[in-house]
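Reading through the structure tokens given below for one structure.
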Amino acid sequence: MSKRIIYHIDCNSAFLSWEAVHRLQHGDSLDLRTVPSAIGGSVKQRHGIILAKSGPAKKMGISTGQTIFEALSKCPNLLLVPPDYALYIQCSNALMSLLQEYTPMVERYSVDECFMDVTGYGMNREDCLETAVVIKERIRNELGFTVNIGISENKLLAKMASEFEKPNKIHTLFPEEIPDKMWPLPVCDMFMVGIRTCLKLYKHGIITIGQLAHTDKELLRVYFKSYGNVLGDYANGIDYSEVRTDRQDIKGVGNSTTTSFDVTDYETAKLFLLSLSEMVGMRLRMENQKARVICVFLRNNQFSAWSHQHKIPAPTNATNDIYEEACRLFSEMWKGQPIRALGVRAGCLSDGNFTQLSIVDQNKADKISELDKSVDFIRTKFGNDSVKRGVFLHSGVSHINGGVSDDYPMMSSLL
DNA sequence: TCTGGGGTCCTAGGACCC
DNA sequence: TCTGGGGTCCTAGGACCC
């Protein structure tokens, strides 16, 4: 196989940069990137974590995922801005369009990351560096934000390269550069090594990526089962995954929410389950998918989490079916603890046109399906709030819970 | 004191079937 | 009176990504 050339484009502090650009474009004189600022959810709604931070905020010890409480204790004058996901999708789309001018081989890996395969454009290594500079500068000039670009022969190395010094930098990590540039790094810097794996590796005396790369494969399999193969390969820069341009079939659709107050009664919990089922059902129908597995997730006020799932006899995308199964699963697992978060998820998806019911059930299912479709149509046309179930009136619970518009990009945990 | 929400994949144990 | 073993499905939970 001839050598490939892969770029990984990573937006620097995406949410914050995009918010900053948006504000400047709308006449704001302050550039959020120049002051200690962050994108964060509402503490009152119990969504209080940092989603993105500015450079000056980072210098003051603010990190992504931190609680807002902790962030404010480190930086009391931190300027906090709520997230605007619709804006982020627009920015992500604009980036996508710009990159697609260079090659159709662009994969949106997440809302703020893309891979590009520029193999076959007759570029040598100097050329691909020059092209990356052009792309980076165009993004800065035309879209107003900075990116890091990593360049290598596969996706893994390109992604690792883009993680090097930030922001607004281009790095290469070709295979021959691995010993110098990647092996000295701590093993937790490697893609797919999270906190659990990191601690486990430390326990076995593996501290750097280089040490991991030189650890006996058999031993890694003993420690980590099949995951050991992945770790060994990645540490040695081995990755054969393709840049995917077609959207992969979705495996499941789920929505969850942290409730703004501890839920302690069944009736309120059911309202949340219904509002989540509404969103899951709408999304399934939008994708023309039906699900055979329904899963309910709950987190109590001690932050412990559980889930129960059930395979139902016939695939469905009807809000009511999802809701009823969700309620059944919920009552099966809820022991009365105060609830902090609830989720509903639909899995084991199949084509939405498929049904397998008796004639009598079919007629009933058709009617429910027509009703769901009508509601979807009205909501698409006039907004989600145009049709509400009566049970939500004066309930204090939003009648639809959970987000994600139809084209919100999602990444997989594997390349 | 506080800790989001959207995903994917893997593993282990028990049930069940032949 | 004693009763195997392999394959697959189902479920719960945990790990990882951004």
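It should be emphasised that the depicted structure is a prediction, and the values quoted were computed from it without experimental measurement. Each chain gets a letter, A, B and so on, in the order the sequences are listed, and its residues count up from 1.
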Check whether any side-chain nitrogen or oxygen of [X] sits under 4.0 Å from OP1 or OP2 of [N], and answer yes or no.
X: A:Thr67; N: B:dT1; answer: no
X: A:His310; N: C:dC10; answer: no
X: A:Thr258; N: B:dG5; answer: yes
X: A:Arg340; N: B:dC2; answer: no
X: A:Asn255; N: B:dG6; answer: yes
X: A:Lys311; N: C:dC10; answer: yes

Quiz prompt | Distance, C1' atom - from B:dC16 to C:dG4, rounded to whole angstrom | solution =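 The answer is 15 Å between these two C1' atoms.
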
Practice problem: Write down the distance separating the P atoms in B:dC2 and C:dC18, rounded off to the nearest Å. | Solution: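 To the nearest whole Å, 29 Å.
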
Quiz item: A:Ile68 or A:Asp249: which one's nearest nucleotide on DNA chain B is closer to the 5' end?
Solution: A:Ile68

Quiz item: For A:Asn301 and A:Gly252, take the nucleotide of DNA chain B holding the closest heavy atom to each; which residue's nucleotide lies nearer the 5' end?
Solution: A:Asn301

Checking [X] now: which residues fulfil salt bridge (charged side-chain N to carboxylate O under 4.0 Å, His left out) with it, not counting sequence neighbours?
X: A:Lys59; result: none
X: A:Arg46; result: A:Asp262
X: A:Glu70; result: none
X: A:Arg285; result: A:Asp372, A:Asp376

Quiz item: How do A:Thr197 and A:Leu329 order along DNA chain C: which one's closest nucleotide is nearer the 5' end?
Solution: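 Closer to the 5' end of DNA chain C: A:Leu329.
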
Quiz item: Syn versus anti for C:dC2, judged by chi lying within 90° of 0?
Solution: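 Base orientation relative to the sugar is anti.
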
Quiz item: Taking the six-membered ring of A:Phe303, is NZ or CZ of A:Arg299 closer than 6.0 Å to its centre and within 45° of its axis?
Solution: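 Satisfied, under 6.0 Å and within 45°.
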
Output the rounded distance in Å from [atom1] ([X]) to [atom2] ([N]).
X: A:Arg299; N: B:dC2; atom1: CZ; atom2: P; value: 16 Å
X: A:Ile50; N: B:dT1; atom1: CD1; atom2: C1'; value: 15 Å
X: A:Ile49; N: B:dG4; atom1: CD1; atom2: P; value: 6 Å
X: A:Arg46; N: B:dT1; atom1: CZ; atom2: P; value: 15 Å
X: A:Arg244; N: B:dT8; atom1: CZ; atom2: P; value: 12 Å
X: A:Ile62; N: B:dC2; atom1: CD1; atom2: C1'; value: 14 Å
X: A:Gln309; N: C:dC10; atom1: CD; atom2: C1'; value: 8 Å
X: A:Phe69; N: B:dT1; atom1: CZ; atom2: C1'; value: 5 Å

Quiz item: Which dot-bracket string describes DNA chain B (Watson-Crick N1-N3 plus N6-O4 or O6-N4, or G-U N1-O2 and O6-N3, all under 3.5 Å; [ ] crossing; | other strand)?
Solution: ....||||||||||||||

Using a 4.0 Å heavy-atom cut-off, does [X] contact any base of the nucleic acid, only the sugar-phosphate backbone, or nothing at all?
X: A:Gly343; value: nothing
X: A:Gly194; value: sugar-phosphate
X: A:Leu51; value: base
X: A:Val293; value: nothing
X: A:Gln66; value: nothing

Exercise. Check the angle between the aromatic planes of A:Phe145 and A:Trp18 and answer parallel, tilted or perpendicular using the 30° and 60° thresholds.
Key: perpendicular

Practice problem: From the options B:dT8, B:dG6, B:dC2, select the nucleotide whose nearest atom is closest to the side chain of A:Arg345. | Solution: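 Closest nucleotide to the A:Arg345 side chain: B:dT8.
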
Practice problem: Select one nucleotide: of B:dT3, B:dC9, B:dG6, the one nearest the side-chain heavy atoms of A:Ser256. | Solution: B:dG6

Quiz item: Among all residues two or more places apart in sequence or in another chain, which pass the side chain to side chain contact (heavy atoms under 4.5 Å, CB included) test with A:Thr264?
Solution: A:Pro338

Practice problem: Under the side chain to side chain contact (heavy atoms under 4.5 Å, CB included) rule, collect the residues that match up with A:Tyr266, sequence neighbours excluded. | Solution: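 Testing A:Tyr266 for side chain to side chain contact (heavy atoms under 4.5 Å, CB included), a comparison that skips the adjacent residues, returns A:Lys270, A:Cys327, A:Phe330, A:Ser331, A:Trp334.
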
Quiz item: Considering only heavy atoms, which members of residues 161-172 of chain A lie under 4.0 Å from some atom of DNA chain B?
Solution: none

Exercise. Could you list the residues that satisfy ring-ring contact (aromatic ring centres under 6.0 Å, His included) with A:His394, not counting sequence neighbours?
Key: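 With sequence neighbours excluded, A:His394 shows a ring-ring contact (aromatic ring centres under 6.0 Å, His included) to no residue whatsoever.
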
Practice problem: Decide if atom NZ of A:Lys58 counts as having more than 12 heavy atoms of other residues, nucleotides or ligands within a radius under 6.0 Å. | Solution: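 12 or below, so no.
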
Exercise. In plain terms, say whether A:Glu278 and A:Lys388 are close enough for a salt bridge, that is, a side-chain N and a carboxylate O under 4.0 Å apart.
Key: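 So A:Glu278 does not pair with A:Lys388 through a salt bridge.
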
Acceptor/donor pairs from residues 341-349 of chain A side chains to any protein atom, 3.5 angstrom cut, sequence neighbours excluded:
none

Quiz item: Donor-acceptor pair, A:Thr319 side chain versus A:Gly281 backbone, under 3.5 Å?
Solution: no

Please output the side-chain donor-acceptor pairs of residues 188-202 of chain A that fall under 3.5 Å, not counting sequence neighbours, one pair per line with the distance.
from     : atom 1 : to       : atom 2 : distance (Å)
A:Lys200 : NZ     : A:Tyr223 : O      : 3.1

What protein N or O atoms touch nucleotides 11-18 of chain B N or O atoms at under 3.5 angstrom, if any, and at what distances?
from   : atom 1 : to       : atom 2 : distance (Å)
B:dT11 : OP1    : A:Ser226 : N      : 3.3
B:dT11 : OP1    : A:Ser226 : OG     : 2.6
B:dA12 : OP1    : A:Lys225 : NZ     : 2.1

Quiz prompt | Pi stacking test for A:Phe303 and B:dT3: under 5.5 Å apart, planes under 30° | solution =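 Yes; by the centre-distance and plane-angle rule, A:Phe303 counts as stacking on B:dT3.
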
